[in-house]
Asker: 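Just passing along the structure, written as structure tokens.
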Amino acid sequence: MEQVGKRLGPAARLDTILRHLSPRLGAVPVPTSVRTSAQVSAVAHPRQFRYTLDNDVLTEEQRQFYEDNGYLLIKKLVSDEDIERFREEFLRICRREVKPPGAMIMKNESLRSQYGQSEKAVNKVQDFQEDKELFRYCTLPEILKYVECFTGPNIMAMHTMLINKLPDSDKQTFLHPMHQDLHYFPFRPADLIVCSWTAMERADESNGCLVVQPGTHKETLKPHDYPKWEGKTNKLFHGLLDEDETIPKVHLVMEKGDTVFFHPLLIHGSGINKTSGFRKSISCHFASSECYYIDVKNTTQEHLEKELIEMVQKKYDTTSVKLMDIWNFRARLVQGERINL
């Protein structure tokens with residue numbers, strides 16, 4: 001069984017990455033992909049609650065709120081001390097004092113010439129599962145306590161991000177269109193996946209807080225692609241092709257340490273940062289290790305698979321990368337037993 005605290009040396013970790021991302025170098029066996037429709041969103045639940053599991057953590061009211069709305073906000077869940085540690089690690093990554101193997105450092109190229117790789121230009125650190133300090137977020141007992149309410153006891157950390165929403169009042173470069181996270185994930189069932197998203201400072205409409213459409217987690221996975229916004233599109237910032245503007249939207253105003261848990265089919269996005277500061281958040285998508293991979297060929301997710309593979313091939317200068325290789329590298333056990341993922 002994989003242990004949370006066990007770390008390898010930098011050279012060994014890099015070797016692990018290359019093995020995972022290139023079958024020619026001896027990648028570990030990939031679990032057999034199960035061909036199924038990407039539209040499958042749930043598993044049958046005979047009990048009263050479909051989206052939450054029976055335990056003593058959530059109150060009846062909290063469970064019902066998540067069932068109805070697809071998200072649940074827990075106030076002041078992560079301590080100021082932990083958040084400041086994550087903030088300092090992000091700044092160390094910006095200064096290149098830390099180079100997490102496999103992490104994708106996303107920058108605003110128009111600001112890079114002016115500020116270099118700094119907090120003023122880096123808008124996201126994605127796939128930080130090999131950074132000991134940032135990955136600690138995914139192992140916090142106070143986070144996992146709630147995650148287990150949605151995934152059960154065998155928990156995988158599947159996708160990690162620290163977002164630094166830059167000031168953007170004019171070009172709207174970092175406006176994230178309304179989307180469903182399941183669009184990015186080649187594993188199911190959706191009901192055993194949950195995102196934990198923690199505000200690292202106050203998030204409101206002025207600096208681009210999360211915007212959700214309550215109840216949309218009950219819908220199916222919809223087609224996504226790049227929005228038709230000239231000059232406003234970032235790599236992999238896909239959005240709904242046909243957004244229903246009649247569905248009410250809720251702006252999630254959050255204070256530092258507040259954490260929202262939400263379903264991967266919940267339609268959500270974020271606005272622009274109209275302030276002069278930076279709006280940081282840290283998040284992880286968790287899944288039950290009992291989930292299984294699907295084949296996304298001939299589904300609405302197929303074009304995303306192609307785009308992601310091309311990005312990884314370019315980054316690692318390899319031609320033999322499969323989608324399952326990428327996800328097997330990203331995935332890490334944080335609690336319980338590793339079964340399928």
Asker: Taking ILVMFWY side chains as joined if any heavy atoms are under 4.5 angstrom apart, and letting links pass through other members, which residues group with Leu241?
Answerer: none

Asker: Which residues pass the side-chain hydrogen bond (donor to acceptor under 3.5 Å, both in side chains) test with Glu133, sequence neighbours left out?
Answerer: Arg85, Arg136

Asker: Report the residues that fulfil ring-ring contact (aromatic ring centres under 6.0 Å, His included) with His224, sequence neighbours left out, ordered by chain and then residue number.
Answerer: His183

Asker: Within the supplied structure, the quantity of interest is the number of heavy atoms (other residues, nucleotides, ligands) at a distance under 6.0 Å from Lys99 NZ; does it exceed 12?
Answerer: no

Asker: Please check: side-chain N/O of Glu307 versus main-chain N/O of Glu302, any donor-acceptor pairing under 3.5 Å?
Answerer: no

Asker: May I ask you to decide if His268's main-chain N or O and His179's side chain share a donor-acceptor pair within less than 3.5 Å?
Answerer: yes

Asker: Test Thr151 against Ser288 for side-chain hydrogen bond (donor to acceptor under 3.5 Å, both in side chains), laying out the working first.
Answerer: CA-CA 5 Å; Thr151 65; Ser288 166; 6.0 Å; no

Asker: Output the distance between atom CG (Leu144) and atom CD (Glu142), rounded to the nearest 0.5 Å.
Answerer: 8.5 Å

Asker: Sequence neighbours left out, what passes salt bridge (Lys or Arg N to Asp or Glu O under 4.0 Å) with Glu243? Give chain and number order.
Answerer: Lys249

Asker: Going by salt bridge (Lys or Arg N to Asp or Glu O under 4.0 Å), name the residues that satisfy it together with Lys75, two or more places apart in sequence or in a different chain.
Answerer: Asp258

Asker: Could you tell me if Arg188 sits above the aromatic ring of Tyr292, with its cationic atom closer than 6.0 Å to the ring centre and no more than 45 degrees from the axis?
Answerer: no

Asker: Atom CD1 of Ile309 and atom OG of Ser320: how far apart are they, to the nearest 0.5 Å?
Answerer: 11.0 Å

Asker: Under a single-linkage rule joining Ile, Leu, Val, Met, Phe, Trp and Tyr whose side-chain heavy atoms are separated by less than 4.5 Å, which residues share a cluster with Val253?
Answerer: none

Asker: Applying ring-ring contact (aromatic ring centres under 6.0 Å, His included), can you list everything that pairs with Phe261, at least two apart in sequence or on another chain?
Answerer: Tyr146

Asker: Verify side-chain hydrogen bond (donor to acceptor under 3.5 Å, both in side chains) between Lys165 and Asn273, making sure each step is shown before the conclusion.
Answerer: CA-CA 7 Å; Lys165 190 179 279 287; Asn273 180 2; over 6 Å; no

Asker: Kindly compute the distance separating CD1 (Ile193) from NE2 (His285), expressed to the nearest 0.5 Å.
Answerer: 8.5 Å

Asker: Closer than 3.5 angstrom, by distance alone: can the side chain of Thr139 be matched with the main-chain N or O of Val334 as a donor-acceptor pair?
Answerer: no

Asker: According to a hydrophobic-cluster definition based on side-chain heavy atoms being under 4.5 Å apart (Ile, Leu, Val, Met, Phe, Trp, Tyr only), do Ile93 and Met161 belong together?
Answerer: no

Asker: Over all heavy atoms of both residues, which pair between Thr216 and Gln180 is shortest? Give the atoms and the distance, please.
Answerer: O-NE2, 4.5 Å

Asker: By ring-ring contact (aromatic ring centres under 6.0 Å, His included), which residues pair with Phe278, not counting sequence neighbours?
Answerer: none

Asker: Quick one: list whatever passes salt bridge (Lys or Arg N to Asp or Glu O under 4.0 Å) with Arg330, sequence neighbours left out.
Answerer: Asp127

Asker: Examine Val250 and Leu73 and state if one hydrophobic cluster contains both, with Ile, Leu, Val, Met, Phe, Trp and Tyr joined whenever side-chain heavy atoms are less than 4.5 Å apart.
Answerer: yes

Asker: Just verifying a value: how many Å separate Glu88 CD and Glu84 CD, rounded to the nearest 0.5 Å?
Answerer: 9.0 Å

Asker: For Glu97, look at atom CD and say whether over 12 heavy atoms of other residues, nucleotides or ligands are found less than 6.0 Å away.
Answerer: yes

Asker: Does Met104 share a hydrophobic cluster with Ile163, counting links as ILVMFWY side-chain heavy atoms below 4.5 Å and allowing steps through other members?
Answerer: no

Asker: Under 4.0 Å between a Lys/Arg side-chain N and an Asp/Glu carboxylate O for Lys222 and Glu219?
Answerer: yes

Asker: Gln313: what forms a side-chain hydrogen bond (donor to acceptor under 3.5 Å, both in side chains) with it, not counting sequence neighbours?
Answerer: none

Asker: When Gln62 is tested against each of Val57, Thr52, Leu72 for side chain to side chain contact (heavy atoms under 4.5 Å, CB included), which residue passes?
Answerer: Leu72

Asker: Output all residues satisfying ring-ring contact (aromatic ring centres under 6.0 Å, His included) with Phe128, sequence neighbours left out; order by chain, then residue number.
Answerer: none

Asker: Taking NZ, NE, NH1 and NH2 as the nitrogens, is one of them in Arg95 or Glu119 under 4.0 Å from a carboxylate oxygen of the other?
Answerer: no

Asker: Apply the test ring pair (Phe, Tyr, Trp, His ring centres under 6.0 Å) to residues Phe150 and Tyr66: give CA-CA distance (whole Å), side-chain angles for both, the deciding distance (0.1 Å), then the verdict.
Answerer: CA-CA 10 Å; Phe150 310 103; Tyr66 189 88; 4.5 Å; yes

Asker: Tell me, with the steps shown, if Trp327 and Phe187 meet ring pair (Phe, Tyr, Trp, His ring centres under 6.0 Å).
Answerer: CA-CA 10 Å; Trp327 283 99; Phe187 43 91; 5.3 Å; yes

Asker: Salt-bridged, Glu60 to Arg63, with N to O below 4.0 Å?
Answerer: no

Asker: Among all residues two or more places apart in sequence or in another chain, which pass the salt bridge (Lys or Arg N to Asp or Glu O under 4.0 Å) test with Asp204?
Answerer: Arg202

